[in-house]
Undergrad: 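My questions all concern the structure below.
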Protein chains: 2
Amino acid sequence: MAAMPPLKPGQALALWHGVMVAALNRSLPDLTARQFALCLHVYQAPPPHTVRGLAATLNMSKPAVTRALDRLEGLEFLRRKADEADRRSILVQRTVKGSVFLREFADLAAEAARKLNNG
Amino acid sequence: MAAMPPLKPGQALALWHGVMVAALNRSLPDLTARQFALCLHVYQAPPPHTVRGLAATLNMSKPAVTRALDRLEGLEFLRRKADEADRRSILVQRTVKGSVFLREFADLAAEAARKLNNG
DNA sequence: TCGTCTCGTTACAGATGCGAAACGAATTCT
DNA sequence: AGAATTCGTTTCGCATCTGTAACGAGACGA
């Protein structure tokens with residue numbers, strides 16, 4: 001991945017504004033901030049992902065993680081898999097549908113960034 | 001404002017990931033996506049802002065806008081003002097606290113972008 | 001084997017979100 | 001003046017979020 005261009009605070013606000021308004025108008029499945037962050041984290045950070053680890057990293061309670069996983073698994077954006085090495089744990093895995101969803105969101109963001117320049 | 005640098009989809013995801021995780025760990029007042037988009041819109045788009053206009057632009061129902069305003073006014077991030085020209089309408093205005101909040105968020109985003117390069 | 005710890009989930013109670021519909025107040029039309 | 005329209009808000013019923021606490025299942029040391 002190429003280096004991230006420097007981003008000034010004012011540019012960040014304009015970008016967020018464009019993306020969030022665009023997202024609302026496309027009425028994507030409306031995830032809460034926690035649900036979205038959790039989904040994003042599973043796709044962006046290297047595995048393995050467990051409930052306990054996600055709760056710690058994302059500063060959420062374990063039940064909140066469980067419920068977010070329920071929701072995201074219902075949307076087929078993520079999948080639970082038993083951890084064969086320690087059957088108390090589960091491993092949270094990526095899915096095709098989740099990849100597509102995040103890719104669409106990413107394109108939307110890239111497009112919003114482009115529009116900030118070219119109108 | 002200087003031109004927005006081009007942003008690739010993969011960079012957008014990495015940026016969103018960094019910002020959302022950082023935001024969760026700072027436990028900012030947790031606004032819903034609609035509340036946050038509404039706040040951002042009032043600060044980024046030129047006034048005047050009415051309930052009806054916000055509802056149309058942000059693809060929300062009018063009651064949802066009213067309730068989001070209640071919440072944001074409670075946090076003192078926004079303020080309602082009577083429209084003297086048409087007393088059926090209200091004008092949504094910016095506040096100092098709201099400016100500070102968004103500035104903090106913007107700094108957090110800029111910092112997240114920086115960290116994606118320099119670790 | 002028996003206690004203890006850790007894992008994720010479930011049960012509970014409370015807070016908060018949502019849209020549809022009804023509402024009062026202000027404006028505009030006839 | 002009186003009717004019709006438009007504004008933001010409120011009410012209603014429902015869905016879903018939250019954290020605390022309790023829980024069963026698996027792992028592990030004594």
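Since this is a predicted model, take the numbers as computed values, not measurements. Naming convention: chains lettered A, B, ... in sequence-line order (proteins, then strands); numbering from 1 in each chain. We use all heavy atoms of the structure for the numbers below, so side chains are in, but hydrogens, waters and symmetry mates are not.
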Undergrad: Holding to side chain to side chain donor-acceptor pair (under 3.5 Å), I want the full list of residues that pass it with A:R52, two or more places apart in sequence or in another chain.
TA: none
Undergrad: Under 4.5 Å between side-chain heavy atoms, chaining through other members, with only Ile, Leu, Val, Met, Phe, Trp and Tyr counted: pull out the rest of the cluster around A:L91, sorted by chain and number.
TA: none
Undergrad: Can you name the side-chain contact (heavy atoms from CB on, under 4.5 Å) partners of A:Q93, sequence neighbours left out?
TA: A:R79, A:K81
Undergrad: Quick one: side chains of residues 64-75 of chain A, donor-acceptor pairs under 3.5 Å with protein atoms, not counting sequence neighbours, listed by atom name and distance.
TA:
| from | atom 1 | to | atom 2 | distance (Å) |
| --- | --- | --- | --- | --- |
| A:T66 | OG1 | A:K62 | O | 3.4 |
| A:D70 | OD1 | A:R80 | NH1 | 3.1 |
| A:D70 | OD1 | A:R80 | NH2 | 3.0 |
| A:R71 | NH2 | A:D30 | O | 3.4 |
| A:E73 | OE1 | A:R80 | NH1 | 2.5 |
| A:E73 | OE2 | A:R80 | N | 3.0 |

Undergrad: Where along residues 82-94 of chain A does a heavy atom fall under 4.0 Å from DNA chain C?
TA: A:R88, A:S89, A:I90
Undergrad: Give me the first and last nucleotide of DNA chain D, going 5' to 3', that has any atom under 4.0 Å from a heavy atom of chain A.
TA: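 Nucleotide range in contact with chain A: D:dC17 to D:dA27.
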Undergrad: Could you pull out all donor-acceptor pairs under 3.5 Å where a side-chain atom in residues 100-112 of chain A meets a protein atom, sequence neighbours excluded?
TA:
| from | atom 1 | to | atom 2 | distance (Å) |
| --- | --- | --- | --- | --- |
| A:R103 | NE | A:D107 | OD1 | 3.1 |
| A:R103 | NE | A:D107 | OD2 | 3.3 |
| A:R103 | NH2 | A:D107 | OD1 | 3.4 |
| A:E111 | OE1 | A:R114 | NE | 3.3 |
| A:E111 | OE2 | A:R114 | NH2 | 3.0 |

Undergrad: Are side-chain heavy atoms of B:T32 and A:T32 found at a separation under 4.5 Å?
TA: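 No. Closest side-chain heavy atoms not under 4.5 Å.
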Undergrad: Using the side-chain contact (heavy atoms from CB on, under 4.5 Å) criterion, which residues pair with A:P47? Sequence neighbours excluded.
TA: A:H49, A:R94
Undergrad: Can you list, by residue number, the residues of residues 34-60 of chain B that have a non-hydrogen atom closer than 4.0 angstrom to DNA chain D?
TA: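 Those residues whose heavy atoms fall under 4.0 Å from DNA chain D, taken from residues 34-60 of chain B in numerical order, are B:T50, B:V51, B:R52.
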Undergrad: Can you list, pair by pair, the side-chain donor-acceptor contacts under 3.5 Å of residues 36-45 of chain A, counting residues two or more places apart and other chains?
TA:
| from | atom 1 | to | atom 2 | distance (Å) |
| --- | --- | --- | --- | --- |
| A:H41 | ND1 | B:H17 | NE2 | 2.8 |
| A:Y43 | OH | A:F77 | O | 2.7 |
| A:Y43 | OH | A:T95 | N | 2.8 |
| A:Y43 | OH | A:T95 | O | 3.1 |

Undergrad: Between C1' on C:dC18 and NZ on B:K62, what's the gap in Å once rounded to a whole number?
TA: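 Between C1' of C:dC18 and NZ of B:K62: 16 Å.
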Undergrad: Taking only residues two or more places apart in sequence or in another chain, which ones pass side chain to side chain donor-acceptor pair (under 3.5 Å) with B:D86?
TA: B:R88
Undergrad: Not counting sequence neighbours, which residues clear salt bridge (charged side-chain N to carboxylate O under 4.0 Å, His left out) with A:R26? List them please.
TA: none
